[in-house]
Amino acid sequence: MIRVLNAKFLVSAPDISLAPPANSSEVAFLGRSNVGKSSLINALVNQKGLAKSSSTPGKTRLINFFEVEYARGTKNEQGEPSEERANLTFVDLPGFGYAKVAKSMHAQWRKNLDEYLKFRANIKLFVHLIDSRQFDMQIDRDVNDYLQSFLRPDQKILNFLTKSDKLNQSQKSAVLKVYPGAHFVSALKKTGVEKANELIYINALGL
Ligand SMILES: Nc1nc2c(ncn2[C@@H]2O[C@H](COP(=O)(O)OP(=O)(O)OP(=O)(O)O)[C@@H](O)[C@H]2O)c(=O)[nH]1
Ligand SMILES: [Mg+2]
């Protein structure tokens, strides 16, 4: 059993130069604008307004850092139940593909994110969120290829399909044909959230 003990906002930074010290494994949440990044972070840490979410695309404009304290039930050397603790840093990023932004500003965002994503040493996990209703978009394939192009051996990518409460079973089956083994989450209904925490914890810590 994995649970979040505590989560708190650290800092918002416009680019990597103002990021907090890189002293714990970092999980970067990325995906198209409005896909549900901020909402999923809130669901994972079980706090409503920690990451700011909005129905207006383009809500998250800075790189937002959160410290998340996890506890995992395990067994000690004597085989008795015990609990291990670990801190992760969650990073809520501005969305890709937000059209209503002036081109020049958009280019600047891309540049800022590019440096952060490629050169931040402690990123161990990229959580790429894909809208389960629009799962077959070129921009998401491009983002996957982009991440793969600089992925280090100590890093992983997870694909989560968001807003799964909007899908019926046959629609989910169609998604699974394109993303076999995809993990569905709903921040609204809180489904798939516990499993998501487990996947994040294990992959970010390389367990
Ligand atoms: N039905 C449903 N709606 C959701 C879910 N998660 C988020 N939403 C809605 O989707 C909209 C966008 O959510 P955000 O979490 O702000 O999305 P974001 O990816 O952080 O967006 P940007 O910061 O603009 O990139 C909001 O209106 C949310 O209420 C979900 O699991 N189910
Ligand atoms: Mg957001």
Side-chain angles (χ1 to χ4, degrees), residues 4 7-15 19 26-68 89-103 105-114 116-117 123 125-135 137-144 146-147 157-169 171-172 174-176 179 182-197 199-200:
V4 171
K8 64 170 197 247
F9 172 73
L10 287 176
V11 72
S12 294
D15 58 48
E26 206 151 281
V27 182
F29 290 82
L30 66 164
R32 288 192 298 123
S33 266
N34 212 240
V35 71
K37 297 175 291 297
S38 302
S39 302
L40 181 65
I41 288 177
N42 290 334
L44 288 166
V45 305
N46 201 20
Q47 284 189 36
K48 269 211 165 89
L50 188 67
K52 300 288 170 270
S53 72
S54 165
S55 55
T56 311
K59 173 70 184 171
T60 307
R61 297 191 170 210
L62 294 165
I63 306 175
N64 297 297
F65 294 84
F66 303 91
E67 187 180 86
V68 183
T89 306
F90 278 11
V91 183
D92 188 15
L93 292 167
F96 292 89
Y98 174 49
K100 282 189 199 154
V101 179
K103 274 247 164 64
M105 201 173 168
H106 196 75
Q108 188 62 36
W109 277 359
R110 283 287 299 265
K111 183 178 169 289
N112 293 341
L113 281 185
D114 195 59
Y116 165 74
L117 293 169
I123 297 181
L125 177 62
F126 296 101
V127 179
H128 174 192
L129 305 187
I130 296 163
D131 191 320
S132 57
R133 297 166 302 177
Q134 304 163 328
F135 60 91
M137 291 190 68
Q138 187 58 41
I139 192 164
D140 281 317
R141 286 191 282 274
D142 290 346
V143 168
N144 256 333
Y146 164 71
L147 293 175
I157 303 171
L158 289 177
N159 287 317
F160 287 173
L161 279 297
T162 63
K163 308 191 186 183
S164 65
D165 52 277
K166 301 265 192 190
L167 262 55
N168 62 32
Q169 205 49 51
Q171 290 168 316
K172 284 187 186 170
V175 177
L176 287 170
Y179 288 96
H183 182 63
F184 289 100
V185 286
S186 166
L188 188 72
K189 301 277 183 210
K190 300 271 167 68
T191 51
V193 171
E194 201 178 319
K195 178 73 182 171
N197 263 324
L199 289 168
I200 287 168

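These values consider heavy atoms only, across backbone and side chains, with no hydrogens, waters or symmetry-generated copies. Numbering of ligands and ligand atoms starts at 1, following listing order. Being a predicted model, the structure only gives us computed values, none of them experimental.
Those atoms of ligand 1 that come under 4.0 Å of a heavy atom in S33, given as number and element, are 24 (O), 25 (O). Interface of G95 with ligand 1, defined as ligand atoms under 4.0 Å from a residue heavy atom, comprises 25 (O). Annotation for ligand 1: atoms under 4.0 Å from non-hydrogen atoms of A187 are 6 (N), 30 (C), 31 (O). Close approach of ligand 1 to K166 is summarised as follows: ligand atoms under 4.0 Å from at least one heavy atom of the residue are 1 (N). Those atoms of ligand 1 with a heavy atom of S39 less than 4.0 angstrom away are 6 (N), 7 (C), 13 (O), 14 (P), 15 (O), 28 (C). Contact atoms of ligand 1 toward K37: 15 (O), 17 (O), 18 (P), 19 (O), 20 (O), 21 (O), 22 (P), 25 (O) (distance under 4.0 Å to a heavy atom of the residue).
For the pair V185 and ligand 1, the shortest N or O to N or O distance does not fall below 3.5 Å. Polar contact with ligand 1: absent for S53 (N/O pair, distance under 3.5 Å). Polar contact with ligand 1: present for L188 (N/O pair, distance under 3.5 Å). Of the N or O atoms in D92, none lie within a sub-3.5 Å distance of an N or O in ligand 1. Checking only distances, G36 does come within under 3.5 Å of ligand 1, N or O to N or O.
Residue Q47 comes nearest to L50 through the heavy atom pair OE1-CD1, 3.6 Å, listed as atom of the first residue, atom of the second, then distance. What you find for T162 and D131 is that their closest heavy atoms are OG1-CA, 3.5 Å.
Contacts of K189 with ligand 1, taken as heavy-atom pairs under 4.0 Å, are absent altogether. Contacts between D165 and ligand 1 below 4.0 angstrom, taking non-hydrogen atoms only, involve the side chain exclusively.
Put simply, OG on S186 and CG on L161 are 12.0 Å apart, with the number rounded to the nearest 0.5 Å. Remark: K37 NZ to S53 OG distance equals 11.0 Å, nearest 0.5 Å. The CD atom of E194 sits 11.5 Å away from the CG atom of L199 when rounded to the nearest 0.5 Å.
Of the possible polar contacts, none joining the T89 side chain to the E67 backbone as a donor-acceptor pair under 3.5 Å is found. Under a 3.5 Å cut-off, the side chain of N42 and the backbone N or O of K48 do form a donor-acceptor pair.
Coordination check, S38 versus the Mg ion (ligand 2): passed, since an N/O/S atom of the residue sits under 2.8 Å.
At least one heavy atom of V35 sits less than 4.0 Å from an atom of ligand 1. Residue contacts with ligand 1 include S186, since one or more of its heavy atoms lies under 4.0 Å from the ligand.
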Criterion side chain to side chain donor-acceptor pair (under 3.5 Å) on H183 and N159, from CA distance to verdict: CA-CA 7 Å; H183 182 63; N159 287 317; over 6 Å; no

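Under a cutoff of 6.0 Å and an axis angle of 45°, K172 and F184 form a cation-pi pair.
In the displayed structure, Q134 atom CD is contacted under 6.0 Å by more than 12 heavy atoms of other residues, nucleotides or ligands.
Relative to atom 22 (P) of ligand 1, the option among T162, N64, N34 with the closest non-hydrogen atom is N34.
With ring centers used as reference points, F135 lies 6.0 Å or more from Y179.
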